[in-house]
Amino acid sequence: MILVTGSSGQIGTELVPYLRERYGRNEIISSDITDPTGTQTGYIKLDVTDRESLERAIEKYKITDIFHLAGILSAKGEKDPDLAYRVNLNGTYNVLEAAKRHSIDRVIIPSTIGVFGPETPRTGVPSITVLRPRTMYGITKVAAELLAQYYFEKFGLDVRSLRYPGIISYMAEPTAGTTDYAVEIFYYAVRLKRYTCYLRRDRRLPMMYMPDALRALVDLYEAKSEQLKIRNGYNVQAYSFTPEELYGKISERINGFEIDYRPDYRDGIAATWPESIDSSDAAKEWGFKFDYDLDKTVDDMIEHISEKLGISGKHFA
Ligand code: NAD
Ligand code: VAH
């Protein structure tokens with residue numbers, strides 16, 4: 001039985017159905033800090049900062065594997081660093097400790113390009129590199145990566161991690177991160193044909209589309225343990241672009257779409273992250289690959305967001 005923490009967020013909203021489709025409806029327990037809604041099945045309320053509740057849930061549902069997604073992302077973390085510290089660091093420690101005590105088979109913890117900092121190389125960053133982040137999010141995620149490696153080496157706990165770039169998706173609208181503009185821009189483009197971007201026009205960041213992000217996480221989960229040399233985090237990305245380049249791609253498809261730029265504190269966060277990372281370790285050791293290039297991503301996003309907002313293709317002419 002697989003437990004997913006933080007399952008109501010941007011990634012969990014799509015990972016849970018993906019896992020249910022692959023391993024069976026009744027094999028997944030989703031959980032988050034919020035109360036269950038009437039429509040959720042196989043869901044429990046679970047605060048990862050509460051170790052006792054976590055251990056009770058592991059026992060009660062006979063959990064064998066954990067996908068630990070609960071977290072406070074970069075932008076929200078800079079607004080409330082204390083919360084980010086408690087959820088990201090104490091929460092991850094609780095998950096690892098509970099996993100060790102209950103002999104959990106595999107623990108999957110997504111990390112992030114937020115672990116990098118201004119001293120990291122700007123482009124083609126390798127998996128093993130300088131990690132000196134300047135956000136509370138990044139600091140807690142570096143600590144989580146090191147704990148993952150520690151639990152693997154010291155206790156033999158099978159912990160696996162990859163460093164996601166910004167994830168683009170249309171199901172759940174992200175609100176807590178620095179890379180969220182790359183989702184938000186599509187809603188504004190489709191609905192209003194106008195967007196004000198909070199990053200500089202030339203702020204280049206690594207990104208990836210959700211279907212590739214889900215497949216990568218499950219490929220890592222299913223890989224043979226002996227294949228995996230890196231336990232703190234494999235770099236993965238599909239492409240890198242600037243807001244102006246993304247605007248260009250959307251404008252080719254939505255006539256009259258306009259953008260302006262008003263950089264805020266999130267641009268300061270993004271300025272400390274690299275422009276591109278090197279996914280070759282992930283490709284070599286567990287076969288990481290991606291299907292969606294930027295054009296395919298933009299086509300798919302516009303199609304699904306238009307459908308979601310009930311706006312037909314004619315609107316774009
Ligand atoms: P999200 O902010 O959309 O979701 C996080 C979820 O965690 C939320 O549903 C929130 O309610 C839950 N949560 C917060 N505090 C909690 C607590 N104490 N107990 C239980 N749940 C709690 O984030 P996401 O984008 O889905 O990210 C999931 C994981 O992937 C995070 O670890 C994040 O660092 C990592 N990641 C995400 C991205 C991205 O672009 N989305 C990129 C890199 C890494
Ligand atoms: C954030 N999307 O902006 C997340 C991520 C790639 C960075 O961790 O905080």
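Order of appearance sets the numbers: ligands from 1, and atoms from 1 within every ligand.
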Problem - Thr112 neighbourhood, listing ligand 2 atoms whose heavy-atom distance to it stays under 4.0 Å - result: 5 (C), 6 (C), 7 (C), 8 (O)

Practice task
Would you confirm whether Ser279, through its side chain, and Ala282, through its main-chain N or O, come within 3.5 Å as a donor-acceptor pair?
Solution key: no

Problem - Atoms in ligand 2 with a heavy atom of Leu73 nearer than 4.0 Å - result: 4 (C), 9 (O)

Handout entry: N/O donor-acceptor pair under 3.5 Å between Gln227 side chain and Lys224 backbone
Key = yes

Completion exercise
The protein heavy atom nearest to atom 29 (C) of ligand 1 is Leu69 O, 3.4 Å

Practice task
May I ask you to identify, for Leu46, whether its side chain, its backbone, both or neither come under 4.0 Å of ligand 1 on a heavy-atom basis?
Solution key: backbone

Practice task
Give, for atom OH of Tyr198 and atom CD of Glu184, the distance between the pair rounded to the nearest 0.5 Å.
Solution key: 6.0 Å

Fill in the blank from the handout: side-chain contact (heavy atoms from CB on, under 4.5 Å) with Tyr43: of Ile29, Val4, Thr37, Asp32, only one passes, and it is Asp32

Exercise for the section: Please report the shortest heavy-atom distance between Gly268 and Thr272, naming the atom on each side. Expected result: O-CG2, 3.6 Å

Practice task
Please state whether Val87 comes within less than 4.0 angstrom of ligand 1, counting heavy atoms only.
Solution key: yes

Completion exercise
Residue, atom and distance of the protein heavy atom nearest atom 37 (C) of ligand 1 read Ile11 CD1, 3.6 Å

Problem - Taking atom 11 (O) of ligand 1 as the reference point, the nearest protein heavy atom with its distance - result: Asp32 OD1, 2.6 Å

Practice task
Give the atoms of ligand 1, by number and element, whose distance to some non-hydrogen atom of Gly9 is under 4.0 Å.
Solution key: 1 (P), 3 (O), 4 (O), 9 (O), 26 (O)

Practice task
Would you please determine whether Gly114 falls within less than 4.0 Å of ligand 2 on a heavy-atom basis?
Solution key: no

Exercise for the section: Verify ring pair (Phe, Tyr, Trp, His ring centres under 6.0 Å) between Phe67 and Tyr221, making sure each step is shown before the conclusion. Expected result: CA-CA 9 Å; Phe67 283 74; Tyr221 170 69; 4.9 Å; yes

Problem - Short N or O distance, Ala176 and ligand 1, threshold 3.5 Å exclusive - result: no

Practice task
For Asp47 and ligand 1, answer yes if some heavy atom of the residue is under 4.0 Å from a ligand atom, otherwise no.
Solution key: yes

Problem - Closest approach of Pro110 to Leu69 (non-hydrogen atoms, all atoms of both residues) - result: CG-CD2, 3.4 Å

Problem - Crowding at OH, Tyr187 (>12 non-hydrogen neighbours, <6.0 Å) - result: yes

Practice task
Search all heavy atoms of Leu89 against all heavy atoms of Ala143 and return the closest pair with its distance.
Solution key: CD1-CB, 3.3 Å

Practice task
Mind listing the closest non-hydrogen atom pair of Cys197 and Pro243 along with its distance?
Solution key: SG-CB, 3.9 Å

Completion exercise
Ranked by distance from atom 39 (C) of ligand 1, the top protein heavy atom is Ile167 CG1, 3.5 Å

Handout entry: Protein heavy-atom partner closest to atom 5 (C) of ligand 1 - residue, atom, separation in Å
Key = Gly71 O, 3.6 Å

Problem - Residue Val48 vicinity, atoms of ligand 1 by number, heavy atom under 4.0 Å - result: 17 (C), 18 (N), 19 (N), 20 (C)

Problem - Heavy-atom nearest neighbour in the protein, as seen from atom 2 (N) of ligand 2, with distance rounded to 0.1 Å - result: Thr179 OG1, 2.8 Å

Exercise for the section: Say whether Gly166, considering both its backbone and side-chain N or O atoms, lies within less than 3.5 Å of an N or O atom on ligand 1. Expected result: no

Problem - Minimum-distance protein heavy atom relative to atom 3 (O) of ligand 2 - result: Thr178 N, 2.6 Å

Practice task
Could you tell me whether Thr49 and ligand 1 have an N or O pair separated by under 3.5 Å?
Solution key: no

Exercise for the section: State which residue, out of Asp278, Asn235, Ile113, Val130, fulfils the side-chain contact (heavy atoms from CB on, under 4.5 Å) condition with Val125. Expected result: Asn235

Problem - Quiz item: cation-pi between Arg194 and Tyr188, 6.0 Å / 45° - result: no

Problem - Tyr137-ligand 2 polar pair, N/O distance under 3.5 Å - result: yes

Exercise for the section: Decide whether a cation-pi geometry holds between Lys193 and Phe257; the criteria are a distance under 6.0 Å from NZ or CZ to the six-membered ring centre and an angle within 45° of the ring axis. Expected result: no

Practice task
Flag yes if more than 12 heavy atoms outside Tyr150 fall under 6.0 Å of its OH atom; otherwise flag no.
Solution key: no

Exercise for the section: Run the numbers for me: atoms of ligand 2, each under 4.0 Å from some heavy atom of Pro165, listed by number. Expected result: 6 (C)

Exercise for the section: Considering heavy atoms of the protein only, find what lies nearest to atom 22 (C) of ligand 1 and give residue, atom and distance to 0.1 Å. Expected result: Ala70 CB, 3.7 Å

Exercise for the section: Among all protein heavy atoms, pick out the one at the shortest distance from atom 9 (O) of ligand 2; state its residue, atom name and that distance to 0.1 Å. Expected result: Ser74 OG, 2.5 Å

Completion exercise
The answer for which part of Lys141 has a heavy atom under 4.0 Å from ligand 1 is side chain

Exercise for the section: Considering heavy atoms of the protein only, find what lies nearest to atom 43 (C) of ligand 1 and give residue, atom and distance to 0.1 Å. Expected result: Tyr164 CB, 3.2 Å

Practice task
Answer with yes or no whether Ser111 contacts ligand 1, where contact means a heavy atom under 4.0 Å from a ligand atom.
Solution key: yes

Practice task
Answer yes or no: does atom NZ of Lys308 have more than 12 heavy-atom neighbours from other residues, nucleotides or ligands under 6.0 Å?
Solution key: yes

Practice task
Say whether Pro165 and ligand 1 are in contact under the criterion: heavy-atom distance to a ligand atom below 4.0 Å.
Solution key: yes

Problem - Where ligand 2 meets Gly166 - atom numbers and elements under 4.0 angstrom, heavy-atom basis - result: 6 (C)

Fill in the blank from the handout: If you scan protein heavy atoms around atom 36 (N) of ligand 1, the nearest is Tyr137 OH, 3.8 Å

Problem - Neighbour count above 12 (heavy atom, 6.0 Å) for Lys79 NZ - result: no

